[in-house]
Student: 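Sharing a structure here in structure tokens format.
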Amino acid sequence: MTRPDVDALTREVRAYWNARIHDLEMTDQPPGSKAFFEELDEYRFDKLAYLPKVVDFNGFRGQRLVEIGCGIGTDLVRFAKGGAHVLGVDLSETAIRLARRNLEVHGFPPDRFVIGDGSRLPLPDQSVDVFYAHGVLQYAADPRGIVTEAQRVLRPGGTAIFMVYNRVSWLMAMSKVMKVALEHQDAPGLRMYSIPEYRELLRGFGSV
């Protein structure tokens with residue numbers, strides 16, 4: 001895609017996510033309250049029970065961690081509780097507003113956020129230890145740009161954590177057989193990857 005095409009798709013992606021924040025319908029607690037965020041945390045980690053098994057949220061104490069596509073900050077709060085110095089980035093102003101409140105009600109400074117594009121980060125080279133983008137590359141207008149930014153801003157020996165939908169999987173097969181759409185399957189620019197395609201997307205890291 002040309003840069004103007006990427007920019008146009010980015011605007012579509014921003015508009016989509018400004019109108020649709022993950023899982024907000026799963027709680028009837030007052031928006032922005034601590035109970036509101038705690039119920040959404042409980043729902044997310046019940047739905048994604050695998051996630052704490054593969055991501056050690058307490059394993060980055062003292063490290064600088066940036067999350068791309070941070071949403072309402074559910075994972076970011078867990079990293080902050082584990083002692084990481086966190087920064088959240090999201091295209092959606094709606095998400096960032098809620099994420100700031102989420103950190104605030106959990107006792108963390110609410111100013112650790114950037115409304116922006118993960119493929120164009122306002123961060124110096126080699127300035128972060130951990131780059132986290134769970135379920136983001138598949139929805140991004142420029143997924144390779146985000147990977148390239150990860151490689152630019154990570155310090156030597158740093159860690160990048162990504163997740164995407166596997167196109168060749170039981171999840172996809174069951175979705176088709178049962179005629180049940182995946183979450184946000186209508187999102188503009190959605191891409192799904194086979195494992196070889198995903199490894200190609202992540203080329204340039206020392207190990208994957």
Side-chain angles (χ1 to χ4, degrees), residues 1-28 37 39-57 67-76 78 88-92 94-95 98-99 117-119 131-150 159-205 207-208:
M1 296 176 70
T2 65
R3 189 72 241 179
D5 290 336
V6 170
D7 291 342
L9 181 54
T10 297
R11 288 192 292 272
E12 289 184 49
V13 171
R14 176 182 287 111
Y16 180 92
W17 291 108
N18 264 325
R20 299 168 181 83
I21 303 296
H22 270 311
D23 302 332
L24 291 191
E25 71 279 6
M26 304 312 299
T27 178
D28 57 5
F37 293 115
E39 283 200 2
L40 290 178
D41 176 274
E42 183 178 356
Y43 174 75
R44 175 172 173 78
F45 286 93
D46 179 60
K47 178 177 68 173
L48 303 180
Y50 74 87
L51 190 51
K53 299 174 184 177
V54 297
V55 177
D56 182 2
F57 289 96
E67 180 180 3
I68 307 304
C70 66
I72 66 167
T74 305
D75 291 4
L76 209 64
R78 289 209 172 196
V89 178
D90 204 291
L91 284 172
S92 166
T94 306
L98 285 166
D117 184 347
S119 67
F131 191 100
Y132 181 74
H134 182 278
V136 173
L137 295 180
Q138 63 208 24
Y139 296 114
D142 185 10
R144 180 61 202 174
I146 293 175
V147 172
T148 300
E149 277 293 81
T159 300
I161 303 169
F162 299 108
M163 185 283 283
V164 297
Y165 283 140
N166 185 349
R167 193 179 72 250
V168 187
S169 64
W170 283 110
L171 174 67
M172 293 303 302
M174 291 300 291
S175 173
K176 291 177 181 178
V177 169
M178 303 302 292
K179 295 182 171 57
V180 176
L182 299 174
E183 275 192 317
H184 301 292
Q185 196 162 335
D186 62 336
L190 174 63
R191 299 174 182 84
M192 293 176 234
Y193 298 87
S194 68
I195 290 174
E197 289 166 345
Y198 191 37
R199 288 186 175 275
E200 171 60 21
L201 177 64
L202 299 179
R203 71 184 183 275
F205 286 104
S207 62
V208 175

Student: Could you measure the distance from the CG atom of Leu190 to the CD atom of Gln185? Nearest 0.5 Å is fine.
Tutor: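 Between Leu190 CG and Gln185 CD, I get 6.5 Å after rounding to 0.5 Å.
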Student: Hey, is CD on Glu42 packed in by over 12 heavy atoms from elsewhere, all under 6.0 Å?
Tutor: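 Result for CD/Glu42: open.
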Student: Could you tell me which non-hydrogen atom of Arg44 sits nearest to which non-hydrogen atom of Asp75, and how far apart they are?
Tutor: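 Looks like NE-OD1, 2.8 Å.
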Student: Any luck finding a side-chain donor-acceptor pair between Ser92 and Asp90 under 3.5 Å?
Tutor: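 There is no such pair between these side chains.
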Student: Check whether the ring centres of Tyr193 and Phe162 lie less than 6.0 Å apart, and answer yes or no.
Tutor: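 No; Phe162 has its ring centre 6.0 Å or more from that of Tyr193.
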Student: What closest approach, in Å, do Asp117 and Leu91 show between heavy atoms, and which atom pair accounts for it?
Tutor: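 So the minimum-distance heavy-atom pair works out to CA-CD2, 3.9 Å.
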Student: Looking at side-chain heavy atoms only, is the closest gap between Val55 and Tyr50 below 4.5 Å?
Tutor: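 Val55 vs Tyr50: side chains apart.
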Student: Taking atom NE2 of His134 and atom CG of Leu51, what is their separation to the nearest 0.5 Å?
Tutor: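 Reported to 0.5 Å precision, the distance equals 4.5 Å.
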Student: Under 3.5 Å, is there a donor on one side chain and an acceptor on the other for Asn18 and Thr94?
Tutor: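 Thr94 and Asn18 do have a side-chain donor-acceptor pair below 3.5 Å.
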Student: Any chance you could lay out the side chain to side chain contact (heavy atoms under 4.5 Å, CB included) test for Leu182 and Met192, step after step, and finish with the verdict?
Tutor: CA-CA 11 Å; Leu182 299 174; Met192 293 176 234; 4.0 Å; yes
Student: For the atom pair OG1 (Thr159) and CG (Asp56), what is the distance rounded to the nearest 0.5 Å?
Tutor: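 Answer for the OG1-CG pair, Thr159 versus Asp56, is 11.0 Å.
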Student: What's the shortest heavy-atom distance between Ser194 and Arg167, and which atoms?
Tutor: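 Where Ser194 meets Arg167 most closely, the heavy atoms are N-NH1, 3.5 Å.
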Student: Give the C-alpha distance, both sets of side-chain angles, the deciding distance and a yes or no for side chain to side chain contact (heavy atoms under 4.5 Å, CB included) between Tyr43 and Thr27.
Tutor: CA-CA 9 Å; Tyr43 174 75; Thr27 178; over 6 Å; no
Student: For a quick test of reading the model, state the closest non-hydrogen atom pair linking Thr10 to Ala141 and the distance between them.
Tutor: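 Between these two residues, the closest heavy atoms are OG1-CB, 3.3 Å.
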Student: Do the side chains of Met172 and Val168 get nearer than 4.5 Å, heavy atoms only?
Tutor: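 The answer is no; the side chains never approach within 4.5 Å.
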Student: Do Glu197 and Arg191 meet the salt-bridge criterion of a basic N to acidic O distance under 4.0 Å?
Tutor: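 Salt bridge between Arg191 and Glu197, a charged N being under 4.0 Å from a carboxylate O: no.
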Student: Going by atom types only, do Asp186 and Tyr16 share a side-chain donor-acceptor pair under 3.5 Å?
Tutor: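 Judged by distance alone, the side chains do pair up.
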Student: Please lay out, stage by stage, how Ile146 and Phe131 fare under the test side chain to side chain contact (heavy atoms under 4.5 Å, CB included).
Tutor: CA-CA 10 Å; Ile146 293 175; Phe131 191 100; 3.9 Å; yes
Student: Report yes or no: does Ser175 contribute a side-chain atom to a donor-acceptor pair with the main-chain N or O of Leu171 at less than 3.5 Å?
Tutor: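 Between the backbone of Leu171 and the side chain of Ser175 there is no qualifying donor-acceptor contact (under 3.5 Å).
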Student: Using the six-membered ring wherever Trp is involved, compare the ring planes of Tyr139 and Trp17 and label them parallel, tilted or perpendicular (cut-offs 30° and 60°).
Tutor: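 Geometry flag for Trp17 against Tyr139: perpendicular rings.
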Student: Search all heavy atoms of Gly145 against all heavy atoms of Ser119 and return the closest pair with its distance.
Tutor: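 Minimum heavy-atom separation between Gly145 and Ser119: C-CB, 3.7 Å.
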Student: Test Lys47 against Glu183 for side chain to side chain contact (heavy atoms under 4.5 Å, CB included), laying out the working first.
Tutor: CA-CA 12 Å; Lys47 178 177 68 173; Glu183 275 192 317; 3.2 Å; yes
Student: Search all heavy atoms of Pro52 against all heavy atoms of Arg78 and return the closest pair with its distance.
Tutor: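 Result for this residue pair: CG-NH1, 4.3 Å.
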Student: Under 3.5 Å, is there a donor-acceptor pair between the side chain of Gln138 and the main chain of Tyr165?
Tutor: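 Yes: the side chain of Gln138 pairs with the backbone of Tyr165.
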Student: Once rounded to the nearest 0.5 Å, what's the spacing between atom CG of Asp5 and atom CG of Asp142?
Tutor: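 Asp5 CG to Asp142 CG: 11.5 Å, rounded to 0.5 Å.
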Student: Quick check: do Val147 and Phe205 have side-chain heavy atoms less than 4.5 Å from each other?
Tutor: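 Side-chain contact under 4.5 Å: yes.
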